[in-house]
Each structure stands twice: as structure tokens, then as C-alpha cells.
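A quick write-up on the structure given underneath.
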Amino acid sequence: MRNSKRPYRLISRRSCWRLSQLYHQGLAEGKWTTQLDALNALGVSQGDLSLAMQLHELPEKILDLFEDHIDISSHTVRVIRHTIRRDGLSTVLSRIERSGASGAKHSKKTVLSIVKGQALESKKMLRLSGQDPEKIVSRALDLPNNVSDRYHLGVTQGEWNSFSACAKALSISRRNVSDAVAIRQLPDSIRHLFREKEFTFSVGRKLLALKRELGLDELLSRARYKDSMYDVGGRTAENILSELKDENIRPASSFRRIRIKKGRGPNRLVIECKDPKLLLRYRREIEQAISKVLKKRVTDVEYVELMREIFGTPRPIMPRLDRLPGTFRPRLS
DNA sequence: ATTGCGGTTCGGTACCCCGG
DNA sequence: CCGGGGTACCGAACCGCAAT
């Protein structure tokens, strides 16, 4: 009590810190001489007292993590000891080291998640995203990637250790938090089909639903060899999702006849095909493909100027050059 | 001193449903 | 279709007891 700001009733009588304190105090004052006597006098179980004695045996590195030693219950000690025996002390210590938790103070729950290695998962996801903390904090929480980054950043910094707590702190719905984290964990080969801005909650949730329905393996195999938005201009999220769902699959023979011919008037081409509706959904892709063809014959001044600028300029100024569609990529033929 | 086990409590997540 | 609220379920924390 003396050392605590809180009223006694709020401190668990199983608080190891307090228990060992009381025990040694009583021993010094001669209230008891054996642990057995102390048990009766203090009204605690032998197991609790034993664990309370163990508390001080724990490595400093771990004890230092707690913001308030009063919180440490016999169960907490037990879990930590169990983890150390199961995973090895060096593993646990390196978790603390790697999670960068030393120095700072944490809630009981957070300490357990650090010791058990759960906090490291967030650290890993954070590293994968490769964004620096200030950027993450300043970003709008509209895209799943941003929310996921923010969540994992919070975990590693001890701001929260659950979706719910994170949602409350950022005043966004907890569902968005959990979905965002799940969406961000989809394999790169799937996520990278979409441009960053197009990788929305809506798209992500549909992918998650698809993953539930097909299983990850099937989804991955369907995603192979699909054109990404970076590979081919004019791709829409809707089309990519539709392709992943294998919608409207039909024999290639039904599309054998595709003709482009001159239409009425000076500015028209007409495309003849089966199922123009389906093809119409790809009009942006088709348009861009056609304009790519056009460029082969267009030599207007601006265009030449542009080419000079690009090839006469050091790369770093055009960092995204290699992600653009293959317009400027030398063809191997 | 250590460990296991059956049980309860509590908080978080996943899921469903509904209204906008 | 989207997001928010409600809720059933699940797992972690916790407790008490007891064997070794």
C-alpha cells in the first residue's frame, strides 16, 4: 500500500511483487518463521507464494519492461517462465532486443506479447512495408495498406495490442482494422496485380472472400500469369477480379472471328466480334494497346522531345520508369 | 519448487444482419 | 454494395487444488 498510488482493493492479492514484499516483511518482524506459517497468515496458496519468490529470479531485462510491478501476478510469472523454458532464454531476450522494447515501459499484456514473440510479427510486417513511422502516422487511413501499417506500428510501439484497442484509439471501425491486416497479408503476387491506389478495402475484401472460397493455393495459381495494372495499361480492378473468378469462361473458338475495319466517316474504326459486351469491359486496355501501336508511326515534335528527355536523363529522376508498360522497353526479337 | 488439470471469467474476433 | 452494430464463439488469463 505504501508504495502504491492505488487503493489496496484494486491490487490483486496475488500480486507477486506485493506478496514477496509482505512475506519478507513478516519474516523480518518475526510474524512467521516458515513459509507454511506465512501461507496461513496471508491467506494465499503455497503455489502463489512460491511463484512470488521466483519473481526476482527473472532476468532484469524482462522485469524492466513492466510499467508497474504491482500488476505482475503469479500467472504472469508462470507464463513467462514457461515461455523461457520452452523457447530458451536467449530466444526470449533476443525477442526483446529485436522488438526494440527495452527502455520503454509496457502494460502487462504488451510484455507478454513481447516475451511470447507475438509483437515481433508486427515488427516484421512493418519492415516489409518499408515505410518510415512518420509517413505512416501522417497518412490517411483510407487504404488497407495504410491502416495495416498504422496498426503494426502501434503494436511495436506499445500503443495497443489488439484490433479493438487500435480501432478505438484511431476511431475507426474494428472491422476495418482486422480486414486491413488480413488484406495486407495476402501474398505479393496477388496484391501487386493492383496499383497502390486501386488496392482498396472493397478490392481487398473481395480477394479475401475469394481466398476463403478457393483456398490460397488455387487463388495463387489463378493469379499466375495474369497481367497486372503495371504490366498493361487500362486494366480495371473489376476485370482483374472477374478474371480471378474465372467468370465468363468460354471456348476460344467463339472468339476466333475478330475484325477491325474502317467505319463510316474519317475518324472511325469498327470492331466486330462475338459478345461485344465482354470486350467492351476491356475498352481501356484496348484503347491503350491501339495507341501504343499508333506511337510507332507518330513522330510529332513533342514526342521526340519526350524521348530525348527520358533517355538523356539520369535514372533516379525517373524512378518509376521500369514499372511503366513496355512502351519504351527494347524488344527482344 | 514445479507442474498439471479442470474450471471460470473476460476480452477480442469473426460473422451475420440490417439500414443507409 | 458498404459500413456499423449486435452477438456467438474462442482463446488467453486466471483461479484453486493437488500430486510429485
Side-chain angles (χ1 to χ4, degrees), chain A residues 9-20 23-24 34-40 42-58 65-66 68 70-87 89 106-119 121-122 140-144 146-148 151-152 154-155 158-186 198-213 236-238 241-242 245 247:
Chain A
R9 63 189 163 78
L10 289 183
I11 299 169
S12 165
R13 68 192 171 80
R14 296 169 78 99
S15 163
C16 284
W17 191 262
R18 179 165 175 76
L19 193 52
S20 76
Y23 172 73
H24 286 118
T34 66
Q35 291 196 1
L36 198 61
D37 292 338
L39 298 184
N40 298 328
L42 291 170
V44 296
S45 72
Q46 178 257 346
D48 279 350
L49 184 55
S50 168
L51 281 165
M53 300 292 103
Q54 296 295 318
L55 176 62
H56 300 280
E57 309 285 324
L58 291 177
L65 296 174
F66 287 94
D68 191 350
I70 294 286
D71 278 340
I72 306 173
S73 69
S74 63
H75 179 257
T76 315
V77 176
R78 209 162 136 161
V79 169
I80 293 175
R81 287 174 56 85
H82 176 256
T83 309
I84 290 176
R85 206 159 339 103
R86 191 191 54 196
D87 302 340
L89 181 59
H106 307 273
S107 71
K108 181 167 56 169
K109 241 181 176 180
T110 307
V111 174
L112 286 182
S113 99
I114 293 169
V115 167
K116 287 197 279 186
Q118 291 155 348
E121 192 57 29
S122 284
L141 298 172
D142 50 355
L143 297 176
N146 298 349
V147 175
S148 171
Y151 167 78
H152 289 306
V155 171
E159 290 175 83
W160 48 69
N161 39 44
S162 70
F163 294 157
S164 307
C166 169
K168 206 176 286 177
L170 299 176
S171 55
I172 53 182
S173 78
R174 60 214 163 150
R175 191 175 157 230
N176 267 21
V177 179
S178 67
D179 279 355
V181 171
I183 291 167
R184 175 60 180 81
Q185 275 169 344
L186 287 167
E198 323 264 348
F199 196 58
T200 60
F201 274 100
S202 176
V203 168
R205 287 189 174 116
K206 281 164 193 160
L207 289 170
L208 287 180
L210 212 51
K211 180 185 153 196
R212 263 198 301 278
E213 186 189 324
T236 65
E238 192 199 358
L241 284 167
S242 171
K245 286 183 201 157
E247 282 172 354

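Treat the numbers as computed from the prediction; the structure is a model and nothing was measured.
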Would you check, one step at a time, whether the test side chain to side chain contact (heavy atoms under 4.5 Å, CB included) holds for A:Arg78 with A:Leu51?
CA-CA 7 Å; A:Arg78 209 162 136 161; A:Leu51 281 165; 4.0 Å; yes

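- When rounded to the nearest whole Å, the span between CZ of A:Arg205 and C1' of C:dC2 equals 8 Å.
- Residue contacts shown for A:Ser178 are limited to sugar-phosphate atoms, with no base heavy atom under 4.0 Å away.
- Backbone-only engagement by A:Lys116 is indicated by non-hydrogen atom pairs under 4.0 Å involving sugar-phosphate atoms exclusively.
- Contacts of A:Glu57 with the nucleic acid, taken as non-hydrogen atoms under 4.0 Å apart, are absent.
- In this structure, CG of A:Asp48 is placed 13 Å from C1' of B:dA1, rounded to the nearest angstrom.
- The heavy-atom pair separating A:Val147 from A:Val177 by the smallest distance is CG1-CA, 4.1 Å.
- Rounded to an integer number of Å, the gap from A:Leu143 CG to C:dC2 P is 14 Å.
- Remark: A:Ser45 is not in phosphate contact with C:dG16, judged by side-chain N or O atoms under 4.0 Å from OP1 or OP2.
- Between A:His152 and A:Val181 the shortest side-chain heavy-atom distance falls below 4.5 Å.
- In this structure, A:Lys109 places its NZ atom 8 Å from P of B:dG11, rounding to the nearest Å.
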Trace of the side chain to side chain contact (heavy atoms under 4.5 Å, CB included) decision for A:Met53 with A:His24:
CA-CA 10 Å; A:Met53 300 292 103; A:His24 286 118; 4.3 Å; yes

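- One atom, NE2 of A:His75, and another, P of B:dG6, lie 16 Å apart when rounded to the nearest Å.
- A:Ser164 comes within contact range of at least one nucleobase, with a heavy-atom separation under 4.0 Å.
- Contact annotation: A:Ser73 reaches the phosphate of C:dC14 (side-chain N/O to OP1 or OP2, under 4.0 Å).
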All N/O pairs under 3.5 Å across the protein-nucleotides 17-20 of chain B interface:
none

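- Side chains of A:Ser113 and A:Thr110: a donor-acceptor N/O pair is absent below 3.5 angstrom, by distance only.
- Of all the heavy atoms in A:Val115 and A:Thr83, the pair that sits closest is O-CG2, 3.8 Å.
- With sequence neighbours excluded, the residues satisfying ring-ring contact (aromatic ring centres under 6.0 Å, His included) with A:Phe163 are A:Tyr151.
- Side-chain atoms of A:Ser50 lie closest to B:dA1 of the nucleotides B:dA1, B:dA14, C:dC14.
- Rounding to whole angstrom units, CZ of residue A:Arg85 and P of B:dA1 are separated by 14 Å.
- Within the 4.0 Å cut-off from OP1 or OP2 of B:dG12, at least one side-chain nitrogen or oxygen of A:Ser162 is found.
- In this entry the distance linking CG of A:Leu55 with P of B:dA1 reads 14 Å, nearest Å.
- One interatomic measurement links the two molecules: NZ of A:Lys168 to C1' of C:dG5, which rounds to 15 Å at whole-angstrom precision.
- Between A:Arg174 and A:Ala167, the shortest heavy-atom contact is CA-CB, 3.4 Å.
- Among the protein residues, A:Arg78 comes within range of the nucleic acid bases, having at least one heavy atom under 4.0 Å from a base atom.
- In this structure, A:Gln46 reaches the bases: a heavy-atom distance under 4.0 Å links it to at least one base atom across the strands shown.
- Within the 4.0 angstrom heavy-atom criterion, only backbone atoms of the sugar-phosphate kind lie near A:Leu112; the bases stay farther away.
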